[in-house]
Structures are given as structure tokens and as C-alpha cells.
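Below is one structure, written out as C-alpha cells; the observations come after it.
The chains referred to below are lettered A, B, ... by the order of the sequence lines, with proteins before strands, and numbering in each begins at 1.
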Protein chains: 2
Amino acid sequence: MSYCDTCLVRNSAICAALDAKEIEALNAIGRRRQLEPGESLVWEGDQSVLVANVIEGILKLTTGTEDGREQIVGVVYPADFIGRPFGATTSHSITALTTANVCVFGRADFDRFAAEHPALEHKLLTRTLGELDRTRKWMLLLSRKTAEEKVATFLLEMAERLADTACEHSDRKNSAEHFELPFTRQQIGDILGLTIETVSRQMTQLRRDGIIDLPTRREVTIRDHGALEAIAG
Amino acid sequence: MSYCDTCLVRNSAICAALDAKEIEALNAIGRRRQLEPGESLVWEGDQSVLVANVIEGILKLTTGTEDGREQIVGVVYPADFIGRPFGATTSHSITALTTANVCVFGRADFDRFAAEHPALEHKLLTRTLGELDRTRKWMLLLSRKTAEEKVATFLLEMAERLADTACEHSDRKNSAEHFELPFTRQQIGDILGLTIETVSRQMTQLRRDGIIDLPTRREVTIRDHGALEAIAG
DNA sequence: CGTTTCATTGAAGACGGTCAAGGTCCGTGG
DNA sequence: CCACGGACCTTGACCGTCTTCAATGAAACG
């Protein structure tokens, strides 16, 4: 019996392209790995030696300048694929933001397996095309939106992303108007291309305007969804 | 005889994955199309009805906000693939910057063809992964670099990109230190997330510092490559 | 040769960054 | 149970960079 039988993302990750026998073969070259918050799986500039499926948790993809400026270039959730197949080096670091569970493959093993399973490659292709679309949309935000618009956009995206997970864990923490942020203010800043202070100020302003509420540091309640959308632009 | 026999990018576009017979079949569903500067092939938000290979020319991919702010999210060159296969809508407009020649396919036709030719999908996948890497690297520039760094980085990238085309057209216009920009100042601004004025000022400053020369509006000579790299960060 | 488009330059101001101080939360150990 | 320390967050004052607004200048085109 393979780990895959009990895998939470068996039917939503790229593995969904494979039948029982193929899954068995893929399982043979992969292994589970747990990451603690802050722990990195790969570093920017590394040789690309491994790729993985995210099973549980949230991870960030980051790149930075020599003098220490950092930018989060992507955030990945369960069922997402991470790492750089078919290429020599990794262009960004991958670091866990929460405790995370990933299904790791040696890059060479995975490349070989993928070459023999076009359906898997197809899933990976559509996933990559979607990721590229999302990344390009984010470029508009980074370069052209104001701090206020950035924060509003971010909160709306979080509400949408985290609402999906609300049903799975029936703790009712996350819903369309109320959720717990998986990020620190610093990380939100890194995502939006802002400083921690600016993020804080904008959040406070939105609260003062009665558009959101901030019961605790990590919790957000959206009081006026329409207004938030109007601000997001 | 198909158009492909004389195609300039036959061996560098994704078509390189196909043998003579397969190329013939692909040729049957594609057609050539010429675009004039400023002419668009697809518009942001459109149904994704066509995809294409770029044969000749340079095109921009853009997205914008309702109130008219625009961001160039990608620039494509000969042999690049454009459009959104396997998806309903297009997330960005595609517009020719120079006179351009593209090889257009109906999206549904292409999707069907690709599904039957894994080698083609593989090429498309590696190309898309590379594009994603480049796009993410650009995010760092957009959000964290200063205007001076942005312009320096841009000029270096242009020098590199355009040097490749120098040999093909033996007009000697483009080399490692001298080239003709395919963009207006406004377009450079849209690429870097700056205003036209800031781009102009930074270019002038680099010229005053003796790092570059600007014989005409569109021409650039790099006088001190090392200094430019130091500034780019 | 005039008109349009594109580029440069200057002055003023806004937005967000930087620096600094204080506050809140939370775990650990006295 | 409270005190302490550290990480995280908020708030304020100031300042620099880039944008905005405006005018002028240079090419390109009919």
C-alpha cells in the first residue's frame, strides 16, 4: 500500500492524471517530508535537485538582491507543485510558512517519470500556465497599485483563498468574511512590495474606516466587502 | 510544400519537437499573419480563441487597471509562443511593437493537436517554466529596485537580447555595446513600472555620467558595461 | 513647412520609506 | 501567578524618491 492512498491531495494535485498502477510507480520514487515554519526546502540559485507536491501547509517562494531586499514571488498551497523540473537551477527559495507536508521527488527521477507519462506533463503544463497568469496579474499590482490598493487586493485574495479551506477543517475559523492570516506583517510586506510599517498603517486605516475589523493580530473580518473591492481597483 | 520549410524559427520554436510528417499536419491547421506596429492580436479578458508562434518581430503582453494604468507583463521575441492554450480566457493583451509575423492556430485546434503530440507539449512546458522564472525575476525588479537600478537592468537585458539578432540581420545595428531600442520611452516606462519622465531623467543621468551614449532617441551605446552592471545591482 | 508624436527638463508635491519609540502578545522560568 | 524577555505590531515625525503638472524642444510625417 502506498502513501498515496491516504493522500489529502490525491485527486487535486498533478497525481490526479495517473491511474492506480502509475501512482504506485510514482510513489516508489517519492517520499514524504515535514517542514517546520521557517524551514527551507530549496535555496535560490541552487542546483535543481528536487521537486515536490504540497500536501499540507503554506510555503513561500522568494528571491532577493545581494543587499538583502527580498520579494515573495509566489505563495503555494496544498495540491500545488513546487520546484523546477527540466532545468538546472532554481530561481527562487522555497520556505515553509506554516508546518508543511510535502511529497518530494528527486528532480532527475521526476523528469524521467514525467517523460514517460504525458498525462502528468499535461497537468503540470496547465498548472504552470495558470501560475504564469497569476504571476503576471501580480506584476500589475506590484508596479502600479498604491499601498492602499495593494492591501485591499491582498485581503480580498486571502478571503477567497482561505474560504476554500474553511469546510475541510470545520473549526469555522475561516469564512468569506472572517479568516486567520497565515502571514506576519513582514511577510505581507514582502508579498506586496511594501514595508511592514506601511502595511500596518493601511490596515489600521481600513479598520478606522469601518471596512475591516482586526480582532487579533492574525485575524481579519471583512465588514464591507463592496468597499474593499472598490478600493482594490 | 508547407510554409514551415522556409520558416525562420522552424528549429527554435516549439515546432522543433516535431518531425517532417507532424510538421505537415500542424501546418495544415495554422496560417501566417502579419501585424503592423500597434496592432493587437488578442485583448485582455477575451475568450482565448487563438495561439501562435512568433516568427519575426517583437510583441508586448500587457494588462491594466480600469482607470488606465498599464503594465507590460512580458515581451516576446521570434520563436516564442503566445496565447493561452488549455484555458478559457486571456489574461493579457498581445500587441505588436514592430512589424511582426506570427503563425496562428485556432486554440481548440491547437489543444487537440498538442494532446496527440506529447513532445510538443513537453517543449511548451519547458518554455512556460522558463517564462515563469523570468517573470518572477522581473517581480523583484518591479517592487524592490530603484528607478536607476531598473533602467540599468533594462539596458543590460536589451543589450543581451538584441545582440543575438545582430548576426542574422547583418546591418550591424545591434551589438553587445550598441543597439537600437524597439521601444518608446513610454513603453520602457510600462515595462519598468516608471513614468516616461523618470525613464528619461535616468537615461540622461547615465549619459552625463559617461556610462552610456544616446546618439538618437532609439539608439543606445554602452560605454562602461561594468559600471552599468554595478548600478543594476 | 506645419502638425503630430515623442522626448527632455524643471518645479512642486505626494506617497511610501526610514528611523525611532512605545505597545501588545506570548512563552518561559522564577 | 507574576515577572521577564523576545518577537511582533503600531504609531509618529521626517525625509527622499518618484510622480504629477507644465512648458519647451526635437524628430517624424504628410
Side-chain angles (χ1 to χ4, degrees), chain A residues 36-38 60 64-65 67-71 97-98 140-155 180-209 212-220 231 233, chain B residues 36-38 60 65 67-71 97-99 140-155 180-209 212-220 231 233:
Chain A
E36 295 309 316
K60 64 173 180 178
T65 56
D67 61 342
R69 285 170 283 179
E70 181 174 301
Q71 175 63 39
L97 294 177
T98 63
L140 179 68
L141 173 139
L142 285 178
S143 65
R144 296 296 190 191
K145 290 198 175 180
T146 63
E148 187 182 35
E149 292 172 316
K150 285 180 178 181
V151 170
T153 306
F154 170 79
L155 291 174
E180 191 176 329
L181 287 171
F183 306 110
T184 64
R185 294 287 186 273
Q186 179 62 61
Q187 286 161 349
I188 297 172
D190 288 341
I191 291 173
L192 298 175
L194 296 172
T195 58
I196 185 173
E197 295 94 331
T198 302
V199 173
S200 184
R201 274 189 261 268
Q202 295 300 332
M203 300 268 268
T204 303
Q205 190 57 49
L206 288 172
R207 195 196 54 202
R208 283 210 192 103
D209 296 347
I212 62 170
D213 202 6
L214 304 166
T216 70
R217 294 173 163 190
R218 290 285 186 133
E219 282 177 286
V220 178
I231 291 170
Chain B
E36 295 310 316
K60 63 172 180 177
T65 56
D67 61 342
R69 284 170 285 179
E70 181 174 301
Q71 175 64 39
L97 293 177
T98 64
T99 300
L140 179 68
L141 174 141
L142 286 177
S143 65
R144 297 298 191 188
K145 290 198 176 180
T146 64
E148 187 182 35
E149 291 173 315
K150 284 181 178 181
V151 170
T153 306
F154 169 80
L155 291 174
E180 192 176 328
L181 287 171
F183 306 110
T184 65
R185 294 285 186 273
Q186 180 62 62
Q187 287 161 350
I188 297 173
D190 288 342
I191 290 173
L192 298 175
L194 297 171
T195 59
I196 185 172
E197 294 94 330
T198 302
V199 172
S200 184
R201 273 189 261 269
Q202 295 300 331
M203 301 268 269
T204 305
Q205 190 56 49
L206 288 171
R207 196 196 54 203
R208 284 210 191 102
D209 296 347
I212 63 171
D213 202 7
L214 303 166
T216 71
R217 294 176 163 188
R218 289 285 187 133
E219 283 177 285
V220 178
I231 291 170

| task | Can you tell me the distance, in whole Å, between the CD atom of A:Q202 and the C1' atom of C:dA14? | result | 13 Å

| Position toward the 5' end of DNA chain C (nearest nucleotide), A:A147 or A:E197 | A:A147

| request: Let me know the distance between CD of A:E148 and P of C:dA14, rounded to the nearest Å. | output: 16 Å

| said: Nearest whole Å is fine: how far is C:dT9 P from B:M203 CE? | reply: 12 Å

| message | Looking at every heavy atom in both A:A147 and A:Q202, which two are closest together, and how far apart are they? | response | CB-NE2, 3.8 Å

| Which heavy atom in B:G193 sits nearest to a heavy atom in A:S143, and how many Å separate them? | CA-CB, 4.0 Å

| What is the distance from CD of A:Q187 to C1' of D:dC8, rounded to the nearest Å? | 11 Å

| Reckon B:T198 has a side-chain N or O less than 4.0 Å from the OP1 or OP2 of D:dT19? | yes

| field | Presence of A:T204 side-chain N/O under 4.0 Å of D:dT11 phosphate oxygens OP1/OP2 | value | yes

| Touch class at under 4.0 angstrom, heavy-atom based, for A:T146 against every strand present | sugar-phosphate

| Any idea which heavy atoms bring B:I231 and B:A152 closest together, and the distance? | CG2-CB, 3.7 Å

| task | Evaluate the side-chain proximity of B:L214 to B:E219: yes if any heavy-atom separation is below 4.5 Å, no if none is. | result | no

| Counting any heavy atom closer than 4.0 Å, what does A:G189 reach on the DNA or RNA strands: base, sugar-phosphate only, or nothing? | nothing

| message | Reading DNA chain D from 5' onward, which residue's closest nucleotide shows up sooner: A:R208 or B:V199? | response | A:R208

| request: Considering just the side-chain nitrogens and oxygens of A:R185, establish if one lies under 4.0 Å of OP1 or OP2 belonging to D:dT10. | output: yes

| remark: Taking every heavy atom of B:L142 against every heavy atom of B:K150, the minimum-distance pair comes out as O-NZ, 3.3 Å

| said: Check this one for me: any side-chain N or O of A:T195 less than 4.0 Å away from OP1 or OP2 of C:dG17? | reply: yes

| How many Å lie between CD on B:E180 and C1' on C:dC6, as a whole number? | 15 Å

| task | Check the distance between D:dA7's P and A:F183's CZ and give it to me in whole angstrom. | result | 22 Å

| query | When the distance from CD of B:E219 to C1' of D:dA26 is rounded to whole Å, what number comes out? | reply | 15 Å

| query | Between the side-chain atoms of B:R217 and the base atoms of C:dC6, is any donor-acceptor pair under 3.5 Å? | reply | yes

| task | Answer yes or no: side-chain N or O of B:R201 and base N or O of D:dT20 forming a donor-acceptor pair under 3.5 Å. | result | yes

| When the distance from CD of B:Q186 to P of C:dA7 is rounded to whole Å, what number comes out? | 9 Å

